[in-house]
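See structure below.
The figures here come from the full heavy-atom set of this structure, side chains too, leaving out hydrogens, waters and symmetry mates. In this chain, numbering begins with 1 at the start of the sequence shown. Every number for a ligand or one of its atoms is a count from 1 in the order of the listing.
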Amino acid sequence: MSNNPNETNSDTIAAIATPLGKGGIHVVRLSGPDARVIADRVFDGAIRLSTAASHTAHYGKIIDPKSGKHLDDVIAVTMWEPRSYTREDTVEFSTHGSPFISTKLVELLVRCGARIAEPGEFTLRAFMNGRLDLSQAEAVADLISADTELSHQVAISQLEGRISEIVNSLRDKLLQSLSLVEAYTDFPDEEIDRSHFDQIQDSMSIACEKIELLVESFESGRILKDGLVVAIVGAPNAGKSSLFNYLLNHERTIVTSRPGTTRDAVSETVSIDGLMVELTDTAGIHDTSDPIDREAVERSMEKIGNSDVLIGIVDGLSDSPDKLIRELSELAQDKTVIRVLNKIDAIAYDRINAIRSLLPEDVQYISAVTGEGIGSLKKVLIRQAFPDGRLPEKDEIRISSARHRDALSKSHSKLRAAIDTLRENRGLELVAFELRHATDQLGLIVGKIAPDDVLNQIFSRFCIGK
Ligand SMILES: Nc1nc2c(ncn2[C@@H]2O[C@H](COP(=O)(O)OP(=O)(O)OP(=O)(O)O)[C@@H](O)[C@H]2O)c(=O)[nH]1
Ligand SMILES: [Mg+2]
């Protein structure tokens with residue numbers, strides 16, 4: 001895809017904006033300088049669409065101008081520039097929900113002068129024409145793929161421009177400092193005024209702290225957006241599949257009393273208290289010479305490596321569950337393991353108490369059959385996802401994009417360098433140099449600076465028609 005605005009924006013683009021497949025309606029979008037003319041060529045209604053007022057809906061027929069064939073009856077909605085998503089002339093046709101009709105309509109529009117839109121090209125135009133900044137445009141893709149309340153919240157707050165607001169204000173502050181520093185660099189003989197020195201230093205330090213907080217917010221922001229990756233692990237027959245099914249609320253994997261039932265790791269996405277969790281049931285980990293079992297254990301180990309958090313589960317009916325619980329911590333050195341003793345429904349109360357007295361406080365006691373203790377296990381899981389043990393409040397700002405995190409980290413280190421250079425009196429030229437890099441990195445987030453490769457990477461992950 002080419003992102004040269006002069007090149008792309010002179011074209012009029014068309015695409016189906018709804019998912020393919022049969023449904024009530026499909027929407028075909030047409031946007032660009034020739035949208036009115038092209039729409040007139042295919043639309044036959046009570047008025048010519050090009051003469052219709054903006055934001056009006058019109059019933060009419062789609063007629064193939066070459067063959068004169070009637071393709072469909074549609075509603076066409078007009079949105080004239082700049083009052084459209086792309087800020088260009090736009091027509092949206094609602095057709096009957098047949099993939100044949102919508103595909104054919106796009107073909108007709110192409111024959112009449114449009115070209116097929118690239119993935120994300122409507123949003124790219126919205127960005128190029130100043131409707132959205134870059135971080136907001138990215139939020140559009142996040143919003144579409146958000147499956148849970150929390151991931152939706154993260155995306156909508158970014159779309160509203162809350163990240164942009166903070167980043168822009170930090171950038172403005174740094175630009176003010178930069179212009180002050182540069183004013184001095186024009187007069188190298190002049191000594192920097194003490195009050196200016198303090199002002200620049202304070203402003204850079206405050207910005208530095210704020211940027212650091214944003215960088216730190218990424219870990220939980222990422223989990224809110226993409227979900228927490230959790231694997232259920234343990235010895236054969238501990239009840240991993242039973243817990244997996246219980247959390248999913250349906251019998252997704254086979255449960256039997258025979259050890260070694262689960263071979264392939266099975267993953268499903270589930271919302272736990274509003275948090276998206278990618279949950280994996282794994283094969284029981286044990287020493288074995290059987291090649292299939294060995295492969296199964298290897299797959300389990302791989303899943304362990306890819307997880308944020310592990311739920312390590314032990315059969316409470318086994319001979320020495322306390323020993324097994326302690327061994328769970330050895331599963332993965334660098335991972336959080338939530339330790340769970342299962343099957344408490346089948347263990348006498350006294351025995352549970354005896355086991356409990358041998359084990360640390362944080363062990364969870366559950367029954368994957370009755371569900372006892374699973375509410376508390378879910379709470380522990382959330383606590384592991386968020387360092388302060390609670391779901392973030394609605395209005396907390398978190399970054400959730402690795403691109404933003406990288407730019408903020410770079411900005412932070414440049415800013416640190418600028419602060420050090422100023423303090424150590426190593427020359428205002430150098431301070432200005434570092435400071436300029438720090439502001440440029442912030443500019444990348446909101447798209448004040450938008451190299452082609454960055455744009456390509458962002459917009460290629462959009463769907464066609466968006
Ligand atoms: N009483 C009781 N039985 C349970 C509980 N959880 C699992 N079981 C039983 O324990 C046996 C093994 O359960 P699974 O869920 O298949 O265990 P697994 O850890 O997935 O086993 P593998 O896949 O073979 O490694 C089955 O007979 C289950 O019915 C529980 O909480 N209470
Ligand atoms: Mg199993």
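When the heavy atoms of Ile285, Thr262, Val369, Ile347 are ranked by distance to atom 3 (N) of ligand 1, first place goes to Val369.
When heavy-atom distances to ligand 1 are checked against a 4.0 Å cut-off, Ser257 comes that close through both its backbone and its side chain. Under 4.0 Å from ligand 1, the heavy atoms of Thr256 that appear belong solely to its backbone. When heavy-atom distances to ligand 1 are checked against a 4.0 Å cut-off, Thr261 comes that close through both its backbone and its side chain. The parts of Val255 lying near ligand 1 are both backbone and side chain, judged by heavy-atom distances below 4.0 Å.
No more than 12 heavy atoms of other residues, nucleotides or ligands shown are found within 6.0 angstrom of CD1 on Ile254. Under a cut-off of 6.0 angstrom, the local environment of CG in Asn353 is crowded, with over 12 non-hydrogen atoms contributed by other residues, nucleotides or ligands. Within a 6.0 Å sphere centred on CD of Glu160, other residues, nucleotides and ligands contribute more than 12 heavy atoms. Around NZ of Lys335, the count of heavy atoms belonging to other residues, nucleotides or ligands within 6.0 Å exceeds 12.
In summary, Glu165 and Arg162 do not engage in a salt bridge, as defined by a charged side-chain N under 4.0 Å from a carboxylate O.
For a threshold of 3.5 Å applied to N or O pairs, the pair formed by Thr282 and ligand 1 contains no separation below that value. Taking distance alone, with nitrogen or oxygen atoms compared against 3.5 Å, Ala346 stays at or beyond that limit from ligand 1. Any N or O atom pair closer than 3.5 Å counts here, and Pro259 shares no such pair with ligand 1. Checked by distance only, ligand 1 and Asp281 stay at 3.5 Å or farther apart across all their nitrogen or oxygen atoms. Considering backbone and side-chain atoms together, Pro236 places no N or O closer than 3.5 Å to any N or O of ligand 1.
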Practice task
Might you work through the salt bridge (Lys or Arg N to Asp or Glu O under 4.0 Å) test for Glu92 and Arg29, ending with a clear yes or no?
Solution key: CA-CA 5 Å; Glu92 284 181 4; Arg29 261 185 170 166; 3.0 Å; yes
*Please lay out, stage by stage, how Arg299 and Glu295 fare under the test salt bridge (Lys or Arg N to Asp or Glu O under 4.0 Å).*
CA-CA 6 Å; Arg299 289 184 184 200; Glu295 174 66 30; 3.1 Å; yes
| request: Any chance you could lay out the side-chain hydrogen bond (donor to acceptor under 3.5 Å, both in side chains) test for Thr256 and Thr261, step after step, and finish with the verdict? | output: CA-CA 7 Å; Thr256 73; Thr261 305; 2.6 Å; yes
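Taking every heavy atom of Gly284 and a limit of under 4.0 angstrom, the matching atoms of ligand 1 come to 25 (O). Listed by number with element, the atoms of ligand 1 under 4.0 Å from a non-hydrogen atom of Ala238 are 19 (O).
Distance alone, capped at 3.5 Å, is enough to place a donor-acceptor pair between the Arg131 side chain and the Ser84 backbone.
A cation-pi contact, defined as under 6.0 Å to the ring centre and within 45° of the axis, is absent between Lys22 and Phe100.
Residue, atom and distance of the protein heavy atom nearest to atom 17 (O) of ligand 1 are Gly239 N, 3.1 Å.
In this structure, Arg258 has a heavy atom closer than 4.0 Å to ligand 1.
Taking 2.8 Å as the threshold, Thr262 counts as a candidate ligand of the Mg ion (ligand 2), since one of its N, O or S atoms lies below it. Checking Ser242 against the Mg ion (ligand 2), every N/O/S atom stays at or beyond the 2.8 Å cut-off.
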